[in-house]
Amino acid sequence: MNRLGSATSPYLRQHADNPVHWHQWDAEALAAARERDVPILLSIGYSACHWCHVMAHESFEDDATAASMNEKFVCIKVDREERPDLDAVYMNATVAMTGQGGWPMTCFLTPDAEPFYCGTYYPKVARGGMPSFGQVLEAISDTWKNRRDEVMEASAAVVAELRGGSSGLPSVDIDIDVPLLDHAVAAVLREEDRTYGGFGGAPKFPPSALLEGLLRAYERTGDTQILDAVDRTAQAMARGGIYDQLNGGFARYSVDPQWVIPHFEKMLYDNAMLLRAYGHLARRSGSALASKVAHETAQFLLTDLLTAEGCFASALDADTEGVEGSTYVWTPEQLVDVLGPDDGPWAAALFGVTRAGTFEEGASVLQLHHDPDDDARFERVRGLLRSVRAERPQPGRDDKVVAAWNGMAIVALAEVGAWLERSDWVDAAARCARYLLDRHVVDGRLRRASLGGAVGEAVGVLEDHAWLVTGLLALHQATGELEWLEHAQQLLDVAIAHFAVSDSAGGWFDTADDAEVLVTRPRDPIDGATPSGASSTAEALLTAAALSDPERSVRYGELAAETLRAATVVLARAPRSAGHWLTVAEASLRGPMQIAIVDPTGTSDLVGVTRTLAPGGAVIVVGQQDSLPLLADRPLVDGQPAAYVCRGFVCDRPVSTVTELRDLLVR
């Protein structure tokens, strides 16, 4: 019997009609494997994954293949976005066995959930040196029946390696200081692709957190080489096919080094982090392109990804009706059909649509190599193409609300919305935060995901707590409302109690101490497509320390310093994998900077100047004296609004003019 119909994951529901007798990951499934004395076939993927769909169509929808799976295995399907803890454990096993990982992930486990053979996609028919999925099933089943001792030896060795890898980072005697951060930035810049933008080769993923970290380094140093590198990458992505030139929003990655051909799925986490980075770049450089992208990315979140509950869906699919990218690509003839004989060729030249095509079958992904010479014509053309594209079949949407990724969206909308005075963005962030607090916090504990207002059973991991806390703190700053700070402190205290490594200062597990016991407890401090749970927690702690009352401030500040100190080895040895660590470390060097503006109306010019000039990571609060912890004992000056600027434990005298404040902020 297939048991996926009641799942709170759209990805699992996509497989509810498979002839495979899929289980969700639970005690019943593991018990069934022990009772039947068969291995577990664990398949991990996510809803927007192209090759997950391919393997499902080829194998999981095939009656003969399903019969073999059902006979020989207990089959478990997992959504990696709903259970990042399981994904982390078995991805590490897959990489250890094969040297690479990816999705779909296909792992064979003992009934005790210990992996003994792992891979990724297997075709239905053997090709390109890959065995067929059927051949793999037969070989694994035969080995289990006839060479059980080899299976148990292999699983024991893999588990030992996994447990050894979760012992944390090596201890080094390095401080978070200017030489370390200058070294990290210089190392990253040496790996820049100065021709096409970005860092490293294809496939190219948006270096979202790294861009934010580099912007903060530029603000500290004034080194224009850093800003130029950020701008090159930001421009290349914004003008490439990885960015939706008609509707805004970034795809997950580019398969080529020029950012032309995207893997078409659009993830919430990418777009939330990139909204933050492009908004910061526009604020710091005045780039019109960065400002345009920030506005369009926010609009993408608020339209294409907005759920009925007021939060944000996880992803748009890579495929449309089984065909990758078909919603988005165009031929010159199609442009002429839609736009006419004058605008059609003009648009083709502007968007890089050629007869040869840049994608498949002569179709092209839209790019924007240069700005249009006629803005009104450009917007008219975009509007017509959007309307026609909306009539095409559309990619599926994963409506699952993930706490961590929605926390990222709250951070971006609140931060950039406050700077741009877009109260609608801040209001949207507040609606989402309210939903997460009302639905995802159950009996005082945070849950990972919900669907259609129904919260799932999966408990929140470290990144869920960290990003929701940081989002609530961003709302506290944007609105001046105390309740957001109080909720943030409560969640942060829960995270400290349940995720901190008791015998390792500054260490964090990715799962709670009372979560399901897996073959190893995940603990990965390296930043990847999303920041690590540990680096995200460092930001939450550092920001909370700057905003809280003295007692909490000291405790949070000490934990933030310990967490950063424990990660200096990553900044020293692998800075490209430490983008968010760099982001937080740059803020920590400034204390972080704290700006408290005593202004009962919140309308003085001091507020706008502060939101424009304050460096990334600075905390900003506005309100009446004593209304917030950061405004305690801070009065008006001669009856006028005043700004109190502090760096760490050192404060300047309060100022009440824009000129004085500007001098303090840019010093």
Side-chain angles (χ1 to χ4, degrees), residues 20-23 25-45 51 55 58-60 62 64-78 80 83 85-167 516-524:
V20 179
H21 296 168
W22 290 117
H23 292 253
W25 180 279
D26 55 24
E28 178 187 348
L30 302 182
R34 294 189 193 98
E35 183 178 338
R36 290 177 53 196
D37 191 29
V38 295
I40 293 167
L41 192 166
L42 174 64
S43 176
I44 301 181
W51 287 103
M55 189 167 178
E58 289 180 342
S59 296
F60 305 152
D62 178 71
T65 304
S68 179
M69 294 169 66
N70 296 335
E71 175 192 354
K72 300 176 174 67
F73 304 93
V74 166
C75 302
I76 300 178
K77 175 63 75 172
V78 167
R80 65 173 292 261
R83 291 297 304 267
D85 51 341
L86 291 170
D87 182 63
V89 168
Y90 294 107
M91 180 59 74
N92 285 339
T94 301
V95 172
M97 291 184 190
T98 69
Q100 61 184 9
W103 302 276
M105 191 188 338
T106 308
C107 298
F108 296 91
L109 322 177
T110 71
D112 291 327
E114 297 183 346
F116 62 89
Y117 188 86
C118 297
T120 52
Y121 164 78
Y122 292 104
K124 186 177 180 181
V125 178
R127 66 171 185 267
M130 286 191 293
S132 72
F133 189 47
Q135 289 172 328
V136 172
L137 297 178
E138 289 294 334
I140 295 296
S141 179
D142 178 72
T143 302
W144 177 260
K145 291 175 182 176
N146 300 313
R147 302 201 303 265
R148 182 77 61 92
D149 56 338
E150 295 178 22
V151 170
M152 304 314 288
E153 287 177 9
S155 66
V158 173
V159 169
E161 183 168 342
L162 293 177
R163 289 173 177 164
S166 64
S167 58
E516 178 185 0
V517 177
L518 305 177
V519 294
T520 187
R521 191 175 176 190
R523 183 183 176 186
D524 187 358

*What do the steps show when you test Ile140 against Phe73 for side chain to side chain contact (heavy atoms under 4.5 Å, CB included), and what is the final call?*
CA-CA 10 Å; Ile140 295 296; Phe73 304 93; 3.7 Å; yes
*asked:* Checking Met69 against His21 for the side chain to side chain contact (heavy atoms under 4.5 Å, CB included) test, could you report, in this order, the C-alpha distance in whole Å, the side-chain angles of both residues, the deciding distance, and whether it holds?
replied: CA-CA 8 Å; Met69 294 169 66; His21 296 168; over 6 Å; no
*Check the pair Val78, Asp87 against side chain to side chain contact (heavy atoms under 4.5 Å, CB included), reporting the backbone distance first and the verdict last.*
CA-CA 8 Å; Val78 167; Asp87 182 63; over 6 Å; no
*Between Leu137 and Leu41, is a side chain to side chain contact (heavy atoms under 4.5 Å, CB included) present by the stated rule, with each step listed?*
CA-CA 9 Å; Leu137 297 178; Leu41 192 166; 3.6 Å; yes
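Among all heavy-atom pairs drawn from Ile44 and Trp103, the shortest one is O-CD1, 3.7 Å. Heavy atoms only, all atoms of each residue included: Cys107 and Leu109 are closest at CB-CD2, 3.9 Å. Counting all heavy atoms, side chain and backbone alike, Pro115 lies closest to Leu162 at CG-CD1, 4.3 Å. Annotation for Cys118 and Thr98: closest pair O-CG2, 3.3 Å, computed over non-hydrogen atoms. Closest approach of Thr94 to Gly119, counting heavy atoms only: CG2-O, 3.9 Å. Here the closest non-hydrogen pair linking Thr120 and Gly101 is CG2-C, 4.1 Å.
By the 4.5 Å heavy-atom criterion applied to side chains, Thr106 and Met55 are counted as neighbours. Counting heavy atoms from C-beta outward, Phe60 and Cys75 have side chains that stay 4.5 Å or more apart. Between Glu138 and Ser68 there is a side-chain heavy-atom pair separated by less than 4.5 Å.
How far CG of Leu86 is from CG of Leu42: 7.0 Å, rounded to the nearest 0.5 Å. To the nearest 0.5 Å, atom CD of residue Glu35 and atom CD of residue Glu28 are 10.0 Å apart. Rounded to the nearest 0.5 Å, atoms CH2 (Trp25) and CZ (Arg83) are 7.5 Å apart. With values rounded to the nearest 0.5 angstrom, Thr520 atom OG1 is found 11.0 Å from Glu114 atom CD. In this structure, Asp142 CG and Arg147 CZ are separated by 6.5 Å, a value rounded to the nearest 0.5 Å. How far CG of Leu30 is from CD1 of Ile40: 5.0 Å, rounded to the nearest 0.5 Å.
Put simply, the side chain of Arg163 gets close to the backbone of Val519: a donor and an acceptor are under 3.5 Å apart. The backbone N or O of Pro104 lies less than 3.5 Å from no partner atom in the side chain of Arg80, so there is not a single donor-acceptor pair. Using a distance-only test at 3.5 Å, with no hydrogens or angles considered, no donor-acceptor pair links the side chain of Asp62 to the main chain of Glu58.
A salt bridge is defined here as a Lys NZ or Arg NE, NH1 or NH2 lying under 4.0 Å from an Asp or Glu carboxylate O, and Asp112 with Arg34 meets this definition.
Remark: of the listed residues Thr143, Asp37, Thr110, Asp37 is the sole one forming a side chain to side chain donor-acceptor pair (under 3.5 Å) with Arg148.
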Please output the side-chain donor-acceptor pairs of residues 152-161 that fall under 3.5 Å, not counting sequence neighbours, one pair per line with the distance.
unit_1: Ser155; atom_1: OG; unit_2: Val151; atom_2: O; d: 3.4
unit_1: Ser155; atom_1: OG; unit_2: Met152; atom_2: O; d: 3.0

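Under the 3.5 Å distance criterion, with hydrogens and angles disregarded, no donor-acceptor pair is assigned to the side chains of Ser59 and Lys124.
For residues 114-144, the pairs satisfying ring pair (Phe, Tyr, Trp, His ring centres under 6.0 Å) are Trp51-Tyr121, with sequence neighbours left out.
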